Amino acid sequence: MTDETTSRIPTFIREAVAKDLKNGRFNYIRTRLPPEPNGYLHIGHVKAFLIDYFTAQEFGGELYLRFDDTNPSKEETEFVDAIKEDAAWLGIEWAKETYASDYFDLLYDWAVKLVKLGLAYVDDQTQEEMSASRGTLPKGTKWSETESAIKPGIDSPYRNRSVEENLDLLERMKNGEFAEGSRVLRAKIDMSHPNLLMRDPVMYRIMNAHHHRTGDKWHIYPMYDWSHGQNDSMEGVTHSLCSNEYMIHRPLYEWFLQKLEAFPSRQIEFTRLNLTYAMMSKRKLRKLVETGVVRGWDDPRLTTLRGLRRRGVTPEAIINFVTGLGETKNDSYVEMAQFEAIIRDDLNKRALRRMAVLHPLKLVIDNYPEGQVEEMEAVNNPEDPSAGTRKVPFSKVLYIEQDDFRETPPPKYFRLFPGNEVRLRYAYFVKCTHIVKNEAGEATEVHCTYDPTTKGGDAPDGRKVKSTIHWVSAEHALPAEVRMYAQLFTVERPDDGELETIVNPNSLEALEGYVELSLANARVGEPLQFERTGYFTPDLDSTPEKPVFNLTVSLKDTWSKIEKKG
RNA sequence: UGGGGCAUGGUGCAACGGCAGCACACCGGCCUUUGGAGCCGUGGAUCUUGGUUCGAAUCCAGGUGCCCCAGCCA
């Protein structure tokens, strides 16, 4: 049974499914995940994937992964593999992998059945003719500036062909006897139906493209409406869960299955996920990749699953985010900040803490013995004692962040400035004595003295410092490239804008910094926190000589807020 | 003068005729060997007009606003 408090699927779906089980409409549950293999998965797909997966799971049913490969001109095997890999990474398990194309033969038989029933016909009209005879939507909708009222469609002159002629024509369409685009098979429903989809929708079109699985066997390929519901039914899918835009297709979905007297799969719709600053449009995503705005489909600035993975976002964070959104049928736009909060929450619990200096400034401890090296014990994760501790080498010359020193401190600035004492994390108290400047007047070296009695970070005399800063030992540090990311887009809803005007030219900044030696063999994808900076993960561009890190998400930075307010 | 869907703080959700609550964001404070985390607190919402009712975010009627639908895309 499902537990109301832990359910990960929308309430209205859970209730509908439970009811179907209770009143005997179905005695088992099967859902399907229907990606079209024409692109990479992004965060927008995840919601559908998870709802399908968890619905099956919560009701002890199973999930089929069915590739919707009905349009050979757009689909490629490359994407099939990528989608499977991404779905598996997310943790989704499917009972069976199928393809719409597995059912092409059966589907054709069903079409013949419909023709024999007098419910489908071959139409010889051109595409323009068909479009013109479909009728119009009324004024006020974005498609009609001129018509004041909805206009019914006009019956095709070929609508009343005999069953025999239709059967013959359909057979010949299948055999490749006709030119591409010259004829279609249409369902015979109602050309004046208020729902335009019911005005004799196209079932098959002629295409001579090579299909990634069926090769050159077929010359006709089914449309979405004449495939999806039929496949659901053929597979015994009980609940076909899809986004709200398909709501208008439901009457057609049901019409076909009723006329066919086929297994009555049920379509239920939910609101798709919209995320601010995330691009979901496949067309635009492709353009970003092809024009080199980003470095590939797995660019960490993208909200593709591959991009998120490379960025260091875990599957758990993604699942927590999506399932935690709750559900209504409202159109909605979720703020990226909410996603980031979940990512931080997830990483806070699991990321190993490390020290890394992103904008190095040399700090010299004048009274520290030349050549001495001490191993300081550092906690790996204060949120998780079982993560243990590590040793970090400490010596006379260190690097600290440029930001952690000001020659003339602003109000409420507690870090290093001449005369001020701070704690070097896990090491000693140091007090700034003087600085060395270059010709431009910039500080190039900060000189300090340390208090040997404060080893470990506490003063025996009980005095306090207001700030703790991080550091790496210059002699023992590892040079590293650290890639800092900002929003890729300058507008909240990039899907609505023109690419040329909405791309943030400063979304990537590659820093040359220094990191703890222990990071030399960090695993690609491993979650890390650079203390006081943010969450990072090693990128696959890393080499043994020079690791590369991606910023996953920054730590909440309250100082910058204080500073902004002045 | 078409059909379908949806309206609750800035954002996303909850309240299924009975005190409008949660998360994120925002603001203030406490604490802190991460200006992180954690803890405490403030402000802010039922699209509108009527009706039913002891009582309406919830039920009814009208209005308004937003979204989807004229691919031989999915």
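Treat the numbers as computed from the prediction; the structure is a model and nothing was measured. No hydrogens, no waters, no symmetry mates; every other heavy atom, side chains included, goes into these values. Below, chain A is the first sequence line, B the second, and so on; all start at residue 1.
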At 4.0 Å (heavy atoms only), tell me whether [X] reaches a base, stays on the sugar-phosphate, or touches nothing.
{"X": "A:L325", "answer": "sugar-phosphate"}
{"X": "A:P34", "answer": "nothing"}
{"X": "A:Y246", "answer": "base"}

Below 4.0 Å: OP1/OP2 of B:rG35 and any side-chain N or O of A:R423 |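 Answer no for this pair, as no side-chain N or O of A:R423 is under 4.0 Å from OP1 or OP2.
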OP1, OP2 of B:rU8 versus side-chain N and O of A:N330: anything below 4.0 Å?
->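 Yes, such a contact exists.
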Could you work out the separation of [N] and [M] based on their [atom1] atoms and round it to a whole Å?
{"N": "B:rC26", "M": "B:rG63", "atom1": "C1'", "value": "35 Å"}
{"N": "B:rA25", "M": "B:rG36", "atom1": "P", "value": "13 Å"}
{"N": "B:rU49", "M": "B:rU64", "atom1": "P", "value": "15 Å"}
{"N": "B:rC24", "M": "B:rA45", "atom1": "C1'", "value": "16 Å"}
{"N": "B:rG10", "M": "B:rU46", "atom1": "P", "value": "9 Å"}
{"N": "B:rC16", "M": "B:rU11", "atom1": "P", "value": "24 Å"}
{"N": "B:rC13", "M": "B:rC47", "atom1": "P", "value": "14 Å"}

Checking salt bridge (Lys or Arg N to Asp or Glu O under 4.0 Å) against A:R66, which of A:D232, A:D52, A:D102 comes through?
->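 Filter result, single survivor: A:D232.
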Please work out which of the three classes, parallel, tilted or perpendicular, describes the rings of A:F536 and A:F530, given edges at 30° and 60°.
->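 Aromatic pair A:F530/A:F536 classed parallel.
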Given the structure, check if the side chain of [X] and the base of [N] hold any donor-acceptor pair shorter than 3.5 Å.
{"X": "A:E383", "N": "B:rG36", "value": "yes"}
{"X": "A:E335", "N": "B:rG10", "value": "yes"}
{"X": "A:R532", "N": "B:rG35", "value": "no"}

A:Y99 ring centre to A:R213 NZ or CZ under 6.0 Å, with the angle to the axis within 45°?
->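 Ring-cation test returns yes.
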State, with a plain yes or no, whether a side-chain heavy atom of A:P360 is found less than 4.5 Å away from one of A:Y514.
->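 The answer is yes, as the side chains (C-beta and beyond) meet within the 4.5 Å cut-off.
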Before accepting this row, confirm whether a basic side-chain N of the pair A:E401/A:R415 lies closer than 4.0 Å to the acidic partner's carboxylate O.
->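 So A:E401 does not pair with A:R415 through a salt bridge.
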Between A:H193 (NE2) and B:rC69 (C1'), how many Å, whole number?
->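 Computing the A:H193:NE2 to B:rC69:C1' distance gives 12 Å.
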Whole angstrom value for the distance that separates C1' of B:rA74 from NE2 of A:H249 =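 It works out to 9 Å between those atoms.
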Syn/anti state of B:rG50 by chi, 90° boundary around 0 |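 Anti, which is what one calls it when the glycosidic angle falls more than 90° from 0.
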Choose from B:rC16, B:rG35, B:rA74 the nucleotide whose nearest atom is closest to any side-chain atom of A:E245.
->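 Comparing B:rC16, B:rG35, B:rA74 against the side chain of A:E245, the answer is B:rA74.
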If you check every side-chain atom of A:T11, which of B:rC73, B:rG71, B:rC16 has the closest atom?
->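 Given the options B:rC73, B:rG71, B:rC16, the side chain of A:T11 is closest to B:rC16.
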